[in-house]
Amino acid sequence: MEEARLRQILERVQQGTVPVESAIEELRLLPFEDLGFAKLDHHRALRSGWPEVIYAPGKSVEQLIVIARRLLERSGSLLITRLDKDVYTRLLYELPALEYDDVARAAYVEPADSPRLEGVTVLAGGTADLPVAEEAALTARVLGSPPDRIYDVGVAGIHRLLEHLERIRKANVIVAVAGMEGALPSVVAGLVGVPVIAVPTSVGYGASFGGVAPLLTMLNSCANGVAVVNIDNGFGAGYLAASINRLAARPD
């Protein structure tokens, strides 16, 4: 349950338009809903600010439909990550409001009344990093922080990055996505005074070990202000970026 809905219930009780017993029945729906195969955390938006997100792999189409429908009914928004396009097509018959991002490999419904907070910038080292970068960007957008995207600015041609330095420095938080040796976040963190969320990708030749090489580079960064998420975890980076940006937007 979102804070706005909880406030609405309590205000109606205060005004005398809703009996206490009716409000209690509605509030009983707060914690979670047991579907047998899943327990939906409807309380999450009240605790953390955003509803539960669905991770698609491992779930059947039927399970995804039930979970998605229930979450959408309760919150008005939805994000399904790592969703294959053919599965999305099957979901669309039951959930016509769903949109799909081919690069991010995610389906979503943006809340109509979501705040739009500028301040997140997503950087990608190369074109091969775009699926992870777009997953981060879409996540931040659905969570109310539509990002500025600056792509193909890897350190192999650092002039491409420096060309956008003034624009990059306007961000409250930066997501830097890179594979290969994963140097981009360290370089960026040495040029800005805001948090940099480093995302290693599994892009690279044999010795990159499926993303372990850039992961270790980022964990060993000598630049200050770098936080690292797991390999290919664009969702985690986008979520963290939106959380930081929301804090930055709070009035003093």
Side-chain angles (χ1 to χ4, degrees), residues 49-50 79 99 101-106 108 110-111 114-201 203-204 211 214-215 217-219 221-229 231-252:
W50 291 295
L79 178 60
E99 297 185 67
D101 188 304
D102 290 275
V103 182
R105 301 159 297 171
Y108 61 97
E110 289 188 76
S114 174
R116 316 309 290 170
L117 304 174
E118 295 182 356
V120 174
T121 293
V122 179
L123 309 177
T127 306
D129 300 310
L130 291 191
V132 177
E134 278 298 294
E135 183 179 60
L138 179 63
T139 299
R141 173 181 146 191
V142 173
L143 270 54
S145 293
D148 185 16
R149 296 169 170 84
I150 304 175
Y151 292 162
D152 199 19
V153 288
V155 299
I158 200 167
H159 53 288
R160 299 174 301 178
L161 176 69
L162 298 178
E163 181 183 9
H164 299 286
L165 189 54
E166 183 178 351
R167 181 173 155 197
I168 292 169
R169 284 177 169 161
K170 294 178 181 179
N172 293 325
V173 57
I174 295 166
V175 176
V177 182
M180 299 291 186
E181 85 290 3
L184 180 63
S186 293
V187 172
V188 172
L191 296 171
V192 302
V194 299
V196 175
I197 302 169
V199 190
T201 70
V203 172
L215 172 65
T217 296
M218 294 172 186
L219 288 172
S221 173
C222 65
N224 298 318
V226 177
V228 187
V229 299
I231 299 167
D232 292 336
N233 189 9
F235 164 73
Y239 194 104
L240 179 57
S243 298
I244 293 172
N245 193 46
R246 184 174 58 166
L247 289 174
R250 281 183 178 177
D252 295 334

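If you're wondering where the values come from, they're calculated on a predicted model, not measured in any experiment.
For the side-chain contact (heavy atoms from CB on, under 4.5 Å) test, residues two or more places apart in sequence or in another chain that qualify with V194 are I174, V192. With sequence neighbours excluded, the residues forming a side-chain hydrogen bond (donor to acceptor under 3.5 Å, both in side chains) with D102 are K85, listed by chain and number. Y239 meets the ring pair (Phe, Tyr, Trp, His ring centres under 6.0 Å) test with W50, F235; sequence neighbours excluded. Checked against side-chain hydrogen bond (donor to acceptor under 3.5 Å, both in side chains), E134 has the following partners two or more places apart in sequence or in another chain: R149, Y151. In this structure N233 satisfies the side-chain hydrogen bond (donor to acceptor under 3.5 Å, both in side chains) test with no other residue, sequence neighbours excluded. N245 pairs by the side-chain hydrogen bond (donor to acceptor under 3.5 Å, both in side chains) definition with S145, N172, not counting sequence neighbours. Scanning for salt bridge (Lys or Arg N to Asp or Glu O under 4.0 Å) contacts around R141 gives E110, with sequence neighbours left out. Taking M180 as the reference, Y205 meet the side-chain contact (heavy atoms from CB on, under 4.5 Å) condition, with sequence neighbours excluded. For P195, the side-chain contact (heavy atoms from CB on, under 4.5 Å) criterion is met by V173, I244, not counting sequence neighbours.
Not one N or O on the side chain of T121 forms a donor-acceptor pair closer than 3.5 Å with the backbone of I168.
Scanning both residues, A183 and V155, for their nearest heavy atoms gives CB-CG2, 4.0 Å. Between T139 and G238, the closest heavy-atom pair is CG2-C, 3.9 Å. Minimum interatomic distance between A178 and L184 (heavy atoms only, all atoms of both residues): CB-CB, 3.9 Å. Of all the heavy atoms in P147 and V122, the pair that sits closest is CB-CG2, 3.9 Å. A pairwise comparison of heavy atoms in A189 and V226 identifies CB-CG2, 3.4 Å as the closest pair. When all heavy atoms of L138 and A104 are compared, the pair lying nearest together is CD2-CB, 4.0 Å.
The only member of D232, L123, V199, V177 that meets side chain to side chain contact (heavy atoms under 4.5 Å, CB included) when paired with D129 is V177.
Among residue pairs with one or both ends in residues 182-197, those qualifying as side-chain hydrogen bond (donor to acceptor under 3.5 Å, both in side chains) are S186-S221; sequence neighbours excluded. Annotation: salt bridge (charged side-chain N to carboxylate O under 4.0 Å, His left out) contacts involving residues 150-167, sequence neighbours excluded, comprise D148-R167, D152-R160.
Distance CG/L240 to CG/L143: 11.0 Å, rounded to 0.5 Å. Taking CD of E181 as the start and CE of M218 as the end, the distance is 8.5 Å to the nearest 0.5 Å.
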